[in-house]
Structure formats: C-alpha cells, structure tokens
Amino acid sequence: MTNITMPKAYNPTEVEEELYTWWEQQGFFRPEQQIELGLADPKAESFVISMPPPNVTGALHLGHAITSSVEDLLIRYNRMLGRPTLWVPGTDHAGIATQNVVERMLDKQGITRQQLGRARFIEEVWSWKAEYHGRITAQQKRMGISSDWSRERFTLDEGLSSAVREAFITLYNEGLIYRGKRMVNWCPRCQSAISDLEVEYEEENGKFYTFRYPLKDGGYLEVSTTRPETILGDTAVAVHPDDARYQHLIGKTALVPILNREIPVIADSYVEMDFGTGALKVTPAHDPNDYEIGLRHQLPMINIMNGDASLNANAGPYAGFDRFEARKKLWADMREAELVVREEERMHQVGHCQRCHTIVEPLLSEQWWEKMQPLAEPALEAVRNGSIQIVPERFEKTYYQWLENIRDWCISRQLWWGHRIPIWYGPDGQTFAARNEQEALQQASAHYGESVVLEQDPDVLDTWFSSGLWPFSTLGWPEQTTDLAQYYPTTVLETGYDIIFFWVARMIMMGLKFTGQAPFKTVYLHGLVRDELGRKMSKSLGNALDPLDLIAEYGSDALRFSLLTGGTPGNDMKLSTTRVEANRNFANKIWNATRFVLMNLEGHQLPLAADSKPYDMRYQLPEPAQLSLADRWILSRLENIQNEVTRLINGWQLGEAGRQLYEFLWNEYCDWYIEAAKVRLNDGRPTEAQATRQVAAFVLEQSLRLLHPFMPCVTETIWQNLPSLGGDNRALIVSRWPQLTGHADAGADDAFGRIQEIVRTIRNARSEYNVEAARRIATQINAGDYAQVLQDNVALLTRLAQLDGNAVVIAPDLPAPEKAVTLVTSGVTIYLPLAGLVDLDAERKRLQKEIETIDKQAQRIEGLLGNPGFTNKAPADVIERERAKVSELQEKRGQLAERLSALAV
RNA sequence: GGGCGAAUAGCUCAGUUGGUUAGAGCACCUCGUUUACACCGAGGGGGUCAGGGGUUCAAGUCCCUUUUCGCCCACCA
C-alpha cells in the first residue's frame with residue numbers, strides 16, 4: 001500500500017475502491033491466509049457468517065447496506081481478535097422475483113415465455129443472471145465488505161443444486177415431502193401456487209353482498225358473500241345445527257342461482273349464528289374453510305376457474321370471463337332475477353401476491369408439500385434450550401408462535417426458473433425421486449421390470465427451499481468437505497427481522513434435520529431502514545435513497561457509520577442524509593486530527609513498542625515520568641473507551657459502541673487532548689514535546705483500531721499514513737484489537753476534569769461579558785487543594801482559556817481582588833478582573849442568582865440525606881456520592897457568599 | 001381476535017442489572033480567519049421523558065392502565 005499525502009479534506013471516493021482491491025488481493029478476507037500470515041490462531045474457534053444472499057438480479061438497496069455494515073463490523077472485530085474469520089458471500093436465484101423481471105423485459109419486446117419455450121426462456125434468465133450478478137457483487141464490494149469471494153456461491157450452481165436434490169430426496173423418502181391436492185394460494189398472474197408466507201394481506205374497501213339462495217321447494221335463504229362469483233362453485237349452503245331459525249331447512253335442497261344446480265342445505269357448527277345471516281354458502285374448491293366443510297360432508301368440489309382466474313366451463317354462461325367481470329355480470333343477472341338483497345361497503349382483508357401484487361385466489365390444486373411439524377419441534381427446542389440465541393430476545397416469541405402453529409409448506413411452483421423437482425413419473429403415475437434421470441430410470445426399470453419412458457415433474461421448488469440449506473450447502477454439503485468440518489456450524493446469522501419465517505426458521509429446521517446441528521449460534525436481527533417519514537423505502541414510492549448515491553457523495557464509511565449508529569437492534573431506523581453528512585464530517589475530523597499529529601511528527605522519530613510484531617505494530621509510550629497531565633488523562637480515557645467498546649460489541653450494542661467512539665474521538669481526543677497537547681508541542685522542552693508526540697500518535701493509532709470495524713476505509717487509509725506501521729503486507733484490517741491495561745488513572749481523570757471545568761467556566765464568563773476572543777485576560781485563582789495541579793498546568797489553563805500568561809496568579813489561599821468577576825467551581829474560586837467590564841451591581845445580582853441555584857440543589861440533596869429510608873437502604877457509594885456533592889455545593893456557596901458580602905459594602 | 005414495538009429538545013434518535021443537574025447530531029442564537037479541520041472552534045437557548053395510577057429511599061428506566069402511531073400473526077362468510 002503506497003502512502004498518499006494527506007490533503008486538507010478527506011476524499012473517500014479517491015481511496016475506497018483502491019483500498020478494497022488491495023485488501024482483497026492481500027488475501028486478508030480468507031481464513032487460510034489469515035492463518036498463513038500468523039494473523040489468526042488456527043486453534044482459536046473460527047468466526048463464520050453466511051451472508052444473506054441478495055437476489056442475483058437485484059440492485060443494492062439500504063437493506064443490503066445495513067446487513068453488510070453489521071456483518072462486516074462483526075467480521076472485522078473478530079478478525080482483529082485473532083480468530084480465523086470467514087464470511088461466505090453469494091447470491092440467490094430468487095425464483096419468482098427473477099422470473100418476473102425477465103418476463104417483464106421480454107414483454108417489452110412483445111414476447112411471452114410460452115412463445116420462447118422453457119429451455120430458451122431459462123437460457124434468457126441465465127444470461128440476465130450473468131449480467132446482473134456482476135452488478136450486485138460490485139455494489140457490495142463498494143460497501144467495503146470483507147467477505148471471502150473465493151468461496152462465493154449461487155443457489156442454482158451445481159453444488160447447491162445437488163444439495164437441494166439431496167435434501168428433497170431425503171425428505172421425500174422419509175415421507176416428509178408429499179404430493180397432494182389441497183387448497184393453495186394461487187397467483188393468477190404468476191400462474192403458480194405460492195406459500196402462505198408469500199401472501200400479503202391488506203385491509204381494503206370491499207363489498208359485502210347479501211342475496212337470496214332459492215330453495216327447490218320454494219322460498220329462499222339469505223346468504224352473504226364477498227366474492228359472488230364463487231356462488232357458481234357452491235356445493236352446499238350451511239347453517240349452524242342449533243340455529244332455531246333454520247332447523248326446518250336442514251336437509252332441504254337449494255338451487256345455485258342462475259345455474260339452478262341442486263345443492264343440499266347442511267348443518268355444520270363452523271357456521272356462526274350471529275354473523276351475517278347465519279347461513280353460509282359453501283364453495284369447497286375456492287375457500288379454505290369451505291374446503292374443510294366440504295371434506296366433512298363429502299361435498300363435491302367444483303373448480304370454476306382457470307389458472308389465470310378466468311372462469312371455466314363449470315361456470316356455465318360465465319365461462320371465459322375474468323373473475324371480477326364475472327362477479328359484476330353474475331350480480332347483475334341475480335339482480336335481474338330478484339335475488340339481490342343488498343350490497344354494503346365493508347373493509348376486509350385481501351391477499352395479494354408478494355411478488356406481483358395480484359389478488360391471490362384460493363383454489364384447489366395438486367402440489368408438493370413439506371410436512372413441517374416434525375421439523376419444527378427440534379427447531380423450537382434449539383432456541384428454548386439456548387443452543388441458538390436470538391438478539392433481540394423479544395423475537396424469540398415471534399419465532400415460537402410461528403413454529404408452534406406451523407402448517408405444511410407448499411414447496412412447488414409452476415415456474416421455470418429454479419430447482420426442478422427431482423421427481424419422475426412413470427406411465428402409470430408412479431413417482432421416482434432421484435438425483436438425475438438416469439437414476440430415476442434405474443429405479444423405474446427395477447419397478448416395472450422393463451424400461452419405460454419417464455417424465456420429470458415440470459415444477460420447480462420454492463426459492464426459499466434452497467435458501468434454507470444455505471449455511472451448509474455453501475460449505476460443500478452434502479459432500480463432507482473440510483470447509484464443512486471446519487466452518488460449520490457458523491457463528492452468527494445476521495439479517496432483518498422481516499425474514500424470520502421465510503429464512504431463519506427454515507434454516508434452523510433444515511440445518512438440524514440434515515446436519516444434526518443448529519446452523520448458527522446467534523441470530524442477530526436488525527431493523528428495517530425507512531425514509532425520513534417512516535415509510536418503507538420502495539422504488540414505486542420514489543422515496544428510496546440509493547446507497548450508491550450516498551456512497552458517491554459521502555463515502556461508504558459515512559453511510560456505514562450512519563446505519564450502525566442510527567438505531568438500536570431490531571428497531572426500524574429512519575435514515576436522513578443530514579446524518580450521513582454528519583458522519584462524513586466525522587471521518588474528516590479524524591483525518592484532520594491525523595494531519596495535525598503528522599505535522600508535528602515531521603523530523604522526529606517515533607519508536608515502536610518493543611513487543612511489536614509484524615501485524616501488530618504499536619508505538620512506544622514514553623516513560624510515565626515524562627507524561628503530562630493531559631497525556632495521562634487521554635491514556636486513561638483511551639483505556640476506558642477500549643473497555644466500553646469491547647463490552648458493548650460483545651453485548652450486541654453495536655450502535656452504542658459507535659456513538660461512544662464518536663464522542664471519545666471528537667470531544668475528548670480532538671477538542672480537549674489535541675488542544676492541550678499544543679502547549680507542550682509548541683512550547684515544551686524537547687523531551688516533553690517528544691513525549692506528547694508519542695502519546696498523541698499512540699492514542700490515535702489505538703483509536704483507529706477501535707474505530708476500524710465501524711469505518712474501515714478512512715481508518716485504514718489513515719493508518720497506512722502513520723509512520724513505521726503500514727507497508728505492503730501490514731494493515732490495520734489485520735491488526736490486533738487493543739487490550740490495554742494499566743492506563744486507568746483516577747487522579748488524572750479528576751485533575752484534568754477540574755481543569756476542564758475551570759476552562760469552561762472562564763470561557764462562559766468571557767462570552768457572557770463579551771470579551772473579544774483574542775483578548776488575553778488576567779486571572780487570579782484561589783485554588784485550595786488544587787493549587788499545585790493548576791500551578792503545574794498553568795500553561796495549559798492559559799492556552800485553553802485565553803489568559804494573559806503574565807498575569808495569572810494561582811495560590812491555595814488568595815484574597816479577593818476589589819473589582820472582579822467571581823467564578824466558582826468546586827473547591828476553586830476564579831477572579832477575572834475585567835477592567836471596565838464589571839458592573840458591581842450586576843455582579844451582585846449574578847452571584848445572588850447563582851447562590852439561589854445552589855441552594856435549590858443542596859436542598860434536594862440534604863432532603864435525601866435526611867431521609868433515613870435513603871441512608872439505610874441506598875448503596876454506600878451512592879450515599880457517598882451525594883455527601884460529596886452536597887459538601888461541594890456548600891463550599892461553592894460559601895465562596896459565593898463570601899464574595900457577595902465583600903461586594904456588599 | 002392475538003402478539004410485538006414506538007411515544008424523550010423544533011426534527012432524527014441515544015439513554016441495558018433503577019442511582020450526579022436526561023444526552024448527541026441537525027436546525028436555531030451570539031462570537032471567532034490562534035499554522036489539524038469552516039466537512040471547523042467557543043459559548044448559548046430549548047425537554048413536567050405521551051396521560052394516569054402503583055412499587056421503591058430513589059423511576060425516562062420496573063409493574064398496571066389509557067391514548068396515539070407502526071408492524072407481525074390469525075379461515076369469520
């Protein structure tokens with residue numbers, strides 16, 4: 001890595017891509033290389049994440065960006081801890097979604113997939129895949145993610161396809177996959193069955209139609225429906241067996257309107273007497289509940305629809321009409337026949353296809369199903385017994401509820417793009433599950449005793465079937481590869497909470513089923529990114545912020561840091577560009593702090609720590625005796641922030657860790673330490689200046705490590721610019737996570753804190769009295785116990801508070817000057833003889849007001865300390881803190897009162 | 001119908017075993033071209049932590065309840 005000179009402002013786009021290429025070429029993303037270089041301990045437990053594979057034809061959006069940010073943080077942190085670290089990337093063929101995209105594209109050319117034929121169409125999709133795969137992976141790399149691209153997989157590649165076949169055949173042979181004619185959710189546009197999860201219900205304004213069901217013997221029964229066209233498929237009218245109103249009708253015959261088909265009036269306790277008219281039309285082929293009733297009463301099941309939701313011959317005169325046309329027409333005809341009672345407006349839930357938003361039609365269809373309950377039991381147990389931990393914990397409840405009520409999964413899709421179901425049918429419909437046609441033929445000839453022609457099931461599997469195998473299929477399963485042995489089970493599964501059911505739960509079930517082990521130890525769920533108004537970002541709303549635009553404008557680090565620190569685990573986050581901008585500024589701030597340090601290093605050597613190793617080069621700290629108060633303070637704060645960040649990351653409080661680092665670097669390091677360091681750097685003796693250079697560089701360097709998982713690019717770029725550290729094969733990305741001890745310094749914390757307080761107080765007074773910024777003012781400090789510390793740091797005080805160095809008097813006990821503004825901090829009284837600015841009258845009022853404020857505070861605490869409940873029950877340190885506070889207040893009050901009485905004359 | 005989450009400064013959000021005077025960024029006001037940074041520095045204004053009740057010496061934090069908003073699950077025609 002070549003050093004670049006540091007311009008005045010950090011320009012992320014200039015360095016990010018080059019940096020990424022370099023990291024990748026160095027092999028730092030690969031566990032083998034980490035071990036080879038001695039960066040990772042081969043005996044340490046590996047840290048592994050399977051990346052949630054994005055849709056191969058999709059484009060990077062903020063959902064991917066947050067996933068990448070969180071996972072890369074975890075990967076980088078663990079890599080720095082010296083664990084062999086593997087992040088397996090890949091893409092998903094995304095069955096329906098991708099097929100739809102390609103169909104739409106063909107549609108623009110006026111071509112349907114049917115015209116193209118299956119083979120040609122799939123070829124077309126593969127060429128799309130080739131084109132768009134490059135786009136999505138390039139976009140992910142633009143995020144700076146450190147995944148091992150040499151292990152990249154695709155759900156439809158040969159290895160994963162064989163995993164899918166293996167899984168299917170195993171489940172089939174165990175009876176956990178079966179074929180059956182049942183009620184499915186049918187998307188008339190996709191012309192495929194979809195699973196329950198792929199139906200999105202929306203509250204919609206609809207109509208509630210009530211009409212007369214004519215009885216054969218005359219008279220009628222009032223019945224209501226939201227879908228009148230289904231009347232054409234009715235095979236019964238049901239009433240509650242105990243319903244007195246309808247007792248006499250049970251067993252009679254009703255006539256389907258218009259069609260005049262005879263159907264029975266039956267009694268079934270599913271019917272609720274006080275809902276609607278208390279009578280229910282039963283359409284077993286087009287409603288899940290009616291289907292159940294139909295089974296109970298052995299009713300005929302009349303399918304009235306074609307795959308595109310137009311009506312078929314069973315609909316008589318309505319055949320050929322679209323379902324909604326038919327609805328209108330039938331209702332009009334019924335009105336004509338005087339069967340209509342009323343129409344009411346009513347809100348009801350309408351199911352839509354997740355992928356194309358078409359209204360889903362429940363219908364009876366022959367599909368492949370996976371029996372879920374036997375798989376759900378161990379999956380529930382794995383979370384209950386803690387083998388898998390879900391973060392945040394509250395999602396465990398969601399997980400339990402779904403699995404406890406799980407229903408069989410419709411896994412077949414009437415699509416072309418996907419894993420073809422590995423089932424072949426013989427001439428008599430006999431099924432053979434096999435890895436390929438040859439194997440199927442072998443089974444068939446054994447079965448029939450002669451060779452026959454087989455036909456493979458035309459359907460493909462739900463795209464989530466292959467996703468469910470992802471953590472182990474990507475590592476080589478069903479082959480017993482070394483990767484599988486070494487890196488499975490994975491460590492963390494990180495994703496959005498919106499795919500707990502689609503993906504997380506299924507991976508757990510499949511993982512336990514096929515490997516006997518939970519596929520990961522922790523599930524970390526992040527929230528969804530929303531726009532500034534809290535809406536889900538979507539292309540159709542036009543409110544989607546494009547991560548690539550944000551990266552181009554502010555840099556990937558700024559975006560990443562915003563996503564990491566913008567919220568809390570599992571909670572949604574509104575992302576605004578102002579926050580990204582603020583974080584871009586943060587990167588620039590660190591950049592410039594570095595420029596400051598480097599400018600001061602010119603012409604000076606920085607010795608490296610004696611125990612530095614090639615991948616853990618650290619600066620040597622000066623002897624303790626040479627440290628200034630500020631040096632000791634910032635080292636103490638560094639150790640504190642190191643411990644906090646480590647604790648917070650380990651506790652999954654990633655955002656809080658980032659926010660604290662921001663505070664540390666900006667406020668403590670830049671605003672206070674660097675300003676303090678200028679005293680010695682500019683005016684100190686050479687040994688003092690050198691000591692401060694060493695501390696400044698040391699703290700910066702160690703802070704960069706802590707910040708690296710949050711802002712990898714700017715930190716690495718800076719680090720490579722620090723003298724003696726970087727190099728062709730040395731990098732921050734593989735440096736060690738700081739483990740400082742022995743720098744905590746309560747004395748320095750207190751003393752420097754006192755100086756901060758004094759400086760702030762003086763600055764405040766200067767501002768209040770409109771002292772020009774450049775004017776250096778005389779100061780007398782009655783410093784009590786702090787006299788020595790302040791005397792030792794008089795240059796520091798002078799610089800930070802803009803004092804007149806020749807007119808600073810510090811003593812343990814100092815008489816008050818005649819005319820001066822009096823400032824009181826704990827234990828220290830400061831006099832500013834602001835000639836010409838002090839209005840004694842106003843000064844008295846100010847002092848009086850301050851005394852009042854103090855009295856109010858003291859009163860509260862004295863009340864607390866006077867309360868036996870508090871003194872008996874509160875922990876000792878809390879009581880001690882309150883005592884100290886009150887005595888400090890009393891002291892302050894004394895100082896102020898004394899001053900006030902001196903001015904009273 | 002069940003479940004979950006949110007409600008804290010004008011806006012977006014932190015505040016995790018209950019314990020200083022509740023914080024940050026943005027916005028706002030005042031001042032500032034000191035050789036790291038105007039993508040900056042210094043100072044400042046601004047909050048009865050949604051309402052009510054309870055537990056506790058102590059509640060933004062725990063419990064109950066109400067209201068508003070959001071999400072998930074669920075077969076009421």
Inset, instruction - Ignoring hydrogens and angles, tell me if any N or O in the side chain of A:E198 forms a donor-acceptor pair with the backbone of A:S195 under 3.5 Å. - result: yes

Legend entry - Protein-nucleotide distance (A:L681, atom CG; B:U34, atom C1'), rounded to Å: 15 Å

Inset, instruction - Decide whether A:E757 and A:T825 meet the rule of one side-chain donor and one side-chain acceptor closer than 3.5 Å. - result: no

Inset, instruction - For the residue pair A:Y497 and A:D572, confirm or rule out a side-chain donor-acceptor distance under 3.5 Å. - result: yes

Inset, instruction - Please report, rounded to the nearest Å, how far the C1' atom of B:A14 is from the CZ atom of A:R579. - result: 10 Å

Inset, instruction - Would you kindly say whether A:N650 and A:R647 are connected by a side-chain donor-acceptor distance under 3.5 Å? - result: no

Inset, instruction - Could you tell me the separation between the OH atom of A:Y400 and the C1' atom of B:A74, rounded to a whole number of Å? - result: 21 Å

Inset, instruction - Go through the side-chain N and O atoms of A:Q890 and A:E862 and say whether any donor and acceptor fall under 3.5 Å apart. - result: yes

Legend entry - Electrostatic pair A:R227-A:D287, nearest N-O below 4.0 angstrom: yes

Legend entry - Of A:E882 and A:F596, the one whose closest RNA chain B nucleotide lies more 5': A:E882

Legend entry - Proximal nucleotide (of B:A24, B:C4, B:A36) relative to the A:K589 side chain: B:A36

Inset, instruction - For A:L665 and B:C37, give me the distance from atom CG to atom P, rounded to whole Å. - result: 18 Å

Inset, instruction - Please work out which residues in residues 672-680 of chain A have a non-hydrogen atom less than 4.0 Å from an atom of RNA chain B and list them by number. - result: A:I674, A:E675, A:K678

Inset, instruction - Output the single nucleotide from B:C40, B:G19, B:A42 whose closest atom is nearest the side chain of A:F870. - result: B:G19

Inset, instruction - Just compare B:G19, B:A77, B:G32 and give me whichever is closest to any side-chain atom of A:A773. - result: B:G32

Inset, instruction - Check for a donor-acceptor pair, side chain of A:W672 on one end and backbone N or O of A:I634 on the other, with a separation under 3.5 Å. - result: no

Inset, instruction - Can you tell me the distance, in whole Å, between the CG atom of A:N289 and the P atom of B:C75? - result: 8 Å

Legend entry - Pair pattern of RNA chain B in dot-bracket, where unpaired bases get dots and | marks partners in another strand, Watson-Crick or G-U under 3.5 angstrom: (((((((..((((.....[...)))).(((((.......))))).....(((((..]....))))))))))))....

Inset, instruction - For the side chain of A:F275, starting at C-beta, report the closest nucleotide among B:A42, B:C76, B:C40. - result: B:C76

Inset, instruction - Would you confirm whether A:Y10, through its side chain, and A:K589, through its main-chain N or O, come within 3.5 Å as a donor-acceptor pair? - result: no

Legend entry - For atom CG of A:N571 and atom C1' of B:G15, their distance in whole Å: 13 Å

Legend entry - Any donor-acceptor N/O pair, A:R212 side chain to A:V341 backbone, under 3.5 Å: no

Inset, instruction - Using the six-membered ring wherever Trp is involved, compare the ring planes of A:W331 and A:Y209 and label them parallel, tilted or perpendicular (cut-offs 30° and 60°). - result: perpendicular

Legend entry - Nucleotide nearest A:T578 when distance is taken to its side chain, options B:C26, B:G19, B:A36: B:C26

Inset, instruction - Please report, rounded to the nearest Å, how far the C1' atom of B:G44 is from the CG atom of A:N770. - result: 12 Å

Inset, instruction - Grab the CG-P distance between A:L648 and B:A14 for me, whole Å please. - result: 15 Å

Inset, instruction - Considering only atom C1', compute the distance from B:G15 to B:A7 and round it to an integer number of Å. - result: 15 Å

Legend entry - Side chain of A:R394 - closest among B:C4, B:G43, B:U35: B:C4

Inset, instruction - Could you tell me whether A:Y270 contacts a base, only the sugar-phosphate backbone, or nothing, with contacts defined as non-hydrogen atoms closer than 4.0 Å? - result: base

